[in-house]
J.: 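Okay, here's the structure, questions in a sec.
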Protein chains: 2
Amino acid sequence: MRDADMLAIALDEARAGLAEGGVPIGAALYGPDGALLGRGHNRRVQDGDPSLHAETAAFRAAGRQRSYRGTTMATTLSPCWYCSGLVRQFGISRVVIGEARTFRGGHDWLARHGVEIVLLDDAECVALMRDFVRDHPGLWNEDIGAG
Amino acid sequence: MRDADMLAIALDEARAGLAEGGVPIGAALYGPDGALLGRGHNRRVQDGDPSLHAETAAFRAAGRQRSYRGTTMATTLSPCWYCSGLVRQFGISRVVIGEARTFRGGHDWLARHGVEIVLLDDAECVALMRDFVRDHPGLWNEDIGAG
């Protein structure tokens, strides 16, 4: 499966989150063979649950796994420290990132610790977040603990 | 509220997790005034949910918060990278840790980034984890992504 195809599923999740009135960030976790293990999007608004960022939602949807070696997390936005910590702790091998222009998380830290980082700089991911941050700055700040 | 009292609630949660057949790690999040905001324990076994470590469970139980400035997370065990990332991203100010003998997570990293760390080195927390790791090494490795 190509990186762009992995990101496309994450982007579908982000759009679904936006349509629900939520924070438009999506993610999907893939096995070493490219099989989809889990997908999800930020659910702060929808469920009142601050623990479900896009990456943690995709990780949760994948259920219990014995190992994450060889897996790839695709996400529409550079992962925050919370989600970067998830990737490092569980040994997720690769992260495919839609964009890091509107928010720069911990992906350089992950790269220093052996995680393969692919930054696609996707225009649609940028536009989605740029519009969201402009229209809902309070919600965005809450979601990244910048309150 | 004293640090030992904050840890006592986290330890109650860890014992509850053990009684349910789960990973015996508990946590509790307190506001700047010492009020309990949320408490919880690891739910990997109980819910089949790998995203709920003790700290994320307590964070989730606290619901949406505008700011975590001045809050304290009490946890029976040194927080893994996932939970350390949570603390850093959301600006939780203090972490009270039961023990770091059986597992050493990211608490030094948090201290370098301005989080106040209190390590209580509690004998009961140590015994709880030492016995669990001895009796269920596979489950423990799964919970920290060491598979």
Side-chain angles (χ1 to χ4, degrees), chain A residues 22-23 27 29 37-38 40 42-71 78-93 103 105-107 109-110 113 115 138-139 141-147, chain B residues 22-23 27 29 37-38 40 42-71 78-93 103 105-107 109-110 113 115 138-139 141-147:
Chain A
V23 179
L29 183 65
L37 299 177
N42 187 297
R43 303 201 61 85
R44 174 176 296 272
V45 172
Q46 297 92 321
D47 299 346
D49 186 347
S51 77
L52 288 176
H53 273 192
E55 297 89 334
T56 53
F59 177 80
R60 184 188 197 196
R64 289 173 61 177
Q65 304 278 337
R66 277 189 60 84
S67 170
Y68 294 86
R69 197 171 301 132
T71 61
S78 174
C80 78
W81 286 117
Y82 174 41
C83 298
S84 294
L86 176 89
V87 168
R88 181 170 175 189
Q89 185 63 46
F90 290 98
I92 292 169
S93 298
F103 174 81
H107 68 264
W109 178 74
L110 288 175
H113 290 284
V115 179
L139 181 53
N141 283 336
E142 183 189 313
D143 198 56
I144 53 171
Chain B
V23 179
L29 182 66
L37 300 177
N42 187 297
R43 303 200 62 84
R44 172 175 298 271
V45 172
Q46 297 92 321
D47 299 346
D49 185 348
S51 77
L52 287 177
H53 273 193
E55 297 89 334
T56 53
F59 177 80
R60 185 188 198 196
R64 289 173 60 177
Q65 303 278 338
R66 277 188 58 85
S67 170
Y68 294 87
R69 196 170 303 131
T71 62
S78 175
C80 78
W81 287 117
Y82 174 41
C83 298
S84 294
L86 176 89
V87 168
R88 181 170 176 188
Q89 185 64 47
F90 290 98
I92 292 169
S93 297
F103 175 80
H107 68 263
W109 178 74
L110 288 175
H113 290 284
V115 179
L139 181 53
N141 284 336
E142 182 189 313
D143 198 55
I144 53 171

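Being a predicted model, the structure only gives us computed values, none of them experimental.
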J.: Based on non-hydrogen pairs under 4.5 Å, which of A/Val87, A/Thr56, A/Leu52, A/Ile144 is most in contact with chain B?
T.: A/Ile144
J.: Does the plane of the ring in B/Trp81 sit parallel, tilted or perpendicular to the ring in A/Trp109? Use 30° and 60° as the thresholds.
T.: perpendicular
J.: Tell me, out of A/Arg44, A/Arg66, A/Arg60, who's got the most heavy-atom pairs with chain B below 4.5 Å.
T.: A/Arg60
J.: Check each of B/Asp47, B/Asp49, B/Asp143, B/Val45 against A/Arg64 using the side-chain contact (heavy atoms from CB on, under 4.5 Å) test, and report the only one that passes.
T.: B/Val45
J.: Can you tell me how the ring of B/Tyr82 sits relative to the ring of A/Tyr82, calling it parallel under 30°, perpendicular over 60° and tilted otherwise?
T.: parallel
J.: Which atoms form the tightest heavy-atom contact between A/Pro50 and B/Gly63, and what is the distance?
T.: CG-O, 3.5 Å
J.: Counting heavy-atom pairs under 4.5 Å to chain A, which of B/Ser67, B/Cys80, B/Gly138 comes out on top?
T.: B/Cys80
J.: Do the ring centers of B/Phe90 and A/His53 come within less than 6.0 Å of each other?
T.: yes
